[in-house]
Asker: 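Just dropping this structure here.
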Amino acid sequence: MADLASDNTAPVHPAVLEALRRANEGRAPAYGADALTARAEGRVRALLGQDVPVFLVWNGTGANVTGLAALLRPRDAVLCAEDAHINVDECGAPERFTGAKLVDIPTADGKLRPEDLAPRLTGLGVEHHVQPAVVSITQSTERGTVYTPDELRALGAWCHRHGLALHMDGARIANATAALGGDLRATTRDLGVDVLSFGFTKNGAMGVEAVAFLDPVRAEGFRFVRKQAMQLASKMRYLAAQVDALLADGLWLELAAHANRMARRLADGAAGVPGVRLSHPVTANGVFATLPDRVIESLQRRHAFYVWKAGTDGTSEVRWMCSWATAPEEVDTFVRDLAEAMR
């Protein structure tokens, strides 16, 4: 069976498990006052800038909610893509815990552009309307696409020109960074991103993310936000051990690059099967394609993957997600079964 359901289904990388074993030796100060947490935060700063405040949290929803909470007042609004994780898959947590409103915008490929955002700048200063304060984007997007540096630069400039902050949900930031050449700062902070949810769980960790304030001023008071949001770990060294292991010697990029290669292998194989239509060019680790429903049902009896968007014409769009643990043999077996099912 090929498991293409999610990169969350992948196991924890052995280097992370070994780091957790080592972290379990002896005692250490609580709540992040230990040497391992300082080292892990330092590794993140080495990628983004030594002045960047870094805070470890439990999970991706926690990173997004707390990062956004630092930027918002209850009368504010967040502009985001219609299929953004904060809008679709976080059970209303951003709205509940920030008190702000999400304004979702339809997109063809998961990317927001200034021309999509401009019409939403209405009712500014009018007490009857929420006030746009943040643009939140996902990199790579929920559609598997990747913002280019030029696209990010244009977004950052537009946001700052209109007084909005730019938040990036980077649950798969490793895959995007690997696809863009490997320089995290050059493809986030230097292009205008203010706050980054730096994801590790989908890239070999057991469970840890980081909130990085690329505009350091915006971190004021965040330690209180993290505590109130129940994202402050008492035994922080176990979160830090995972980050430390993945960022040491570039392991995080190696794992992401492998996942990207497997997705490209899968996309190339699927594109050669008559009747299979890919939705977007594949840049990161997700592949989206449209298939006949009967073929989907046949494949799901053996392989794990999700229907992304059910159709009404006998075809539906599916998502195939690769991870650091996806093997070439899995991909090749799946493509072979896909071709057989289409025949």
Side-chain angles (χ1 to χ4, degrees), residues 7-8 10-60 62-63 139-140 168 170-190 193 196-214 226 231-262 284-285 322-327:
D7 33 14
N8 276 327
V12 177
H13 191 273
V16 172
L17 288 177
E18 174 58 21
L20 286 167
R21 185 196 65 77
R22 291 196 305 269
N24 200 43
E25 297 173 357
R27 298 174 181 268
Y31 297 109
D34 60 285
L36 186 52
T37 297
R39 190 168 76 194
E41 292 172 349
R43 290 196 189 277
V44 177
R45 283 193 293 272
L47 297 174
L48 294 168
Q50 292 302 322
D51 60 332
V52 171
V54 177
F55 301 85
L56 304 186
V57 296
W58 288 110
N59 54 42
Q139 179 77 316
S140 55
M168 179 179 282
R172 296 185 176 95
I173 190 63
N175 302 95
T177 304
L180 294 174
D183 190 331
L184 181 61
R185 175 170 180 160
T187 52
T188 55
R189 187 182 191 182
D190 292 350
V193 178
L196 170 67
S197 296
F198 192 162
F200 295 94
T201 305
K202 288 178 166 64
N203 193 38
M206 180 176 290
V208 61
E209 317 285 304
V211 181
F213 287 87
L214 311 187
R226 179 173 62 168
Q231 290 292 317
L232 177 63
S234 57
K235 296 186 178 182
M236 188 72 77
R237 57 175 158 160
Y238 296 102
L239 276 65
Q242 301 172 64
V243 174
D244 186 58
L246 287 169
L247 295 186
D249 302 319
L251 178 60
W252 70 295
L253 281 180
E254 292 177 19
L255 300 182
H258 171 81
N260 292 357
R261 285 194 300 272
M262 293 300 99
N285 63 322
C322 297
S323 75
W324 74 266
T326 302

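We're numbering straight along the sequence, starting at 1. Note that these values count all heavy atoms, side chains included, but never hydrogens, waters or copies made by symmetry.
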Asker: For a quick test of reading the model, state the closest non-hydrogen atom pair linking A245 to L251 and the distance between them.
Answerer: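 Closest approach of A245 to L251: O-CD2, 3.7 Å.
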Asker: Please round to the nearest 0.5 Å and tell me the distance separating atom CZ of R261 and atom SG of C322.
Answerer: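 That separation rounds to 11.5 Å.
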Asker: Go through the structure and list residues passing side chain to side chain donor-acceptor pair (under 3.5 Å) with N203, not counting sequence neighbours.
Answerer: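 In terms of side chain to side chain donor-acceptor pair (under 3.5 Å), with neighbours along the sequence ignored, N203 is linked to no residue.
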Asker: Using the side chain to side chain contact (heavy atoms under 4.5 Å, CB included) rule, take M168 and I173 through it: C-alpha gap first, then chi angles, then the decisive distance, then the call.
Answerer: CA-CA 9 Å; M168 179 179 282; I173 190 63; 3.7 Å; yes
Asker: Assess whether side chain to side chain contact (heavy atoms under 4.5 Å, CB included) is satisfied between L48 and L196, documenting all intermediate values.
Answerer: CA-CA 10 Å; L48 294 168; L196 170 67; 4.3 Å; yes
Asker: Quick check for you: to the nearest 0.5 Å, what is the distance between E209 atom CD and W58 atom CH2?
Answerer: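 Rounded to the nearest 0.5 Å, the CD-CH2 separation comes out at 12.5 Å.
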Asker: So which atom in A176 and which in Q139 form the shortest heavy-atom distance, rounded to 0.1 Å?
Answerer: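 Smallest heavy-atom distance, with atoms named: CB-CG, 3.5 Å.
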Asker: Scan for ring-ring contact (aromatic ring centres under 6.0 Å, His included) pairs involving residues 13-50, sequence neighbours excluded, and state none if there are none.
Answerer: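 Applying ring-ring contact (aromatic ring centres under 6.0 Å, His included) to every pair that reaches into residues 13-50, excluding sequence neighbours, yields H13-W324.
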Asker: So, does R226 use its side chain to make a donor-acceptor pair with the main chain of Q231 at under 3.5 Å?
Answerer: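 Side chain of R226 to backbone of Q231, a donor-acceptor pair under 3.5 Å: no, none is there.
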Asker: Apply side chain to side chain contact (heavy atoms under 4.5 Å, CB included) to N59 and T201, showing your working.
Answerer: CA-CA 8 Å; N59 54 42; T201 305; 5.9 Å; no
Asker: Mind checking what makes salt bridge (Lys or Arg N to Asp or Glu O under 4.0 Å) contact with E254, not counting sequence neighbours?
Answerer: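 Scan of E254 (salt bridge (Lys or Arg N to Asp or Glu O under 4.0 Å), adjacent residues dropped) gives none.
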Asker: Hey, could you give me the OG1/CG distance between T187 and L180, rounded to the nearest 0.5 Å?
Answerer: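 Reported value, rounded in 0.5 Å steps: 5.5 Å.
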Asker: For D249, enumerate each residue passing the salt bridge (Lys or Arg N to Asp or Glu O under 4.0 Å) test, keeping only those at least two apart in sequence or located in another chain.
Answerer: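 Residues passing salt bridge (Lys or Arg N to Asp or Glu O under 4.0 Å) with D249: none at all.
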Asker: Between the main-chain N or O of G207 and the side-chain N or O of Q242, is there a donor-acceptor pair closer than 3.5 Å?
Answerer: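 Judged by distance alone, yes, a pair lies under 3.5 Å.
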Asker: Please report the closest heavy-atom contact between A205 and V12, naming both atoms and the distance.
Answerer: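 Closest heavy-atom pair between A205 and V12: O-CG2, 4.0 Å.
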Asker: Please check this pair: side chain of R237 against backbone of A23, looking for a donor-acceptor N/O pair closer than 3.5 Å.
Answerer: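 The answer is yes, because a donor-acceptor pair under 3.5 Å joins these two groups.
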Asker: Which residues satisfy the salt bridge (Lys or Arg N to Asp or Glu O under 4.0 Å) test with R27, sequence neighbours excluded?
Answerer: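 With sequence neighbours excluded, R27 shows a salt bridge (Lys or Arg N to Asp or Glu O under 4.0 Å) to no residue whatsoever.
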Asker: To the nearest 0.5 Å, what is the distance between CG on N24 and NZ on K235?
Answerer: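 So the gap between those two atoms works out to 8.0 Å.
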Asker: Quick one: list whatever passes side chain to side chain donor-acceptor pair (under 3.5 Å) with E25, sequence neighbours left out.
Answerer: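 E25 satisfies side chain to side chain donor-acceptor pair (under 3.5 Å) with R21 once adjacent residues are dropped.
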Asker: Could you name each residue pair satisfying salt bridge (charged side-chain N to carboxylate O under 4.0 Å, His left out) that touches residues 41-50, not counting sequence neighbours?
Answerer: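 Only R43-D244 qualify under salt bridge (charged side-chain N to carboxylate O under 4.0 Å, His left out).
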Asker: Can you list every pair that meets ring-ring contact (aromatic ring centres under 6.0 Å, His included) and has a residue in residues 171-190, with sequence neighbours left out?
Answerer: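 As it turns out, there is no ring-ring contact (aromatic ring centres under 6.0 Å, His included) pair with a partner in residues 171-190 once direct neighbours are skipped.
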Asker: Name all residues meeting the side-chain contact (heavy atoms from CB on, under 4.5 Å) criterion together with A284; count only those two or more places apart in sequence or in a different chain, and write none if there are none.
Answerer: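 Partners of A284 under the side-chain contact (heavy atoms from CB on, under 4.5 Å) test: S140, V146, N175, N260.
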Asker: Going from CG on L239 to CZ on F200, what distance comes out if it is rounded to the nearest 0.5 angstrom?
Answerer: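 These two atoms lie 10.5 Å from each other.
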Asker: Tell me the closest heavy-atom pair linking A178 and L253, and the distance in Å.
Answerer: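 Heavy-atom minimum between the residues: N-CD2, 3.9 Å.
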Asker: Could you go through V57 and F198, starting from their C-alpha distance and side-chain angles, then the distance that decides it, and tell me whether this counts as side chain to side chain contact (heavy atoms under 4.5 Å, CB included)?
Answerer: CA-CA 10 Å; V57 296; F198 192 162; over 6 Å; no
Asker: In the structure I gave you, are the side-chain heavy atoms of L214 and T188 within less than 4.5 Å of one another anywhere?
Answerer: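 Yes - at least one pair of side-chain heavy atoms lies under 4.5 Å apart.
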Asker: Any salt bridge (charged side-chain N to carboxylate O under 4.0 Å, His left out) pairs touching residues 177-186, not counting sequence neighbours?
Answerer: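 Those involving residues 177-186 are R185-D190.
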Asker: Can you name the side chain to side chain donor-acceptor pair (under 3.5 Å) partners of T37, sequence neighbours left out?
Answerer: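 Expected list: D34.
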Asker: Residues in side chain to side chain donor-acceptor pair (under 3.5 Å) with S197, at least two apart?
Answerer: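 Residues passing side chain to side chain donor-acceptor pair (under 3.5 Å) with S197: N64, H167.
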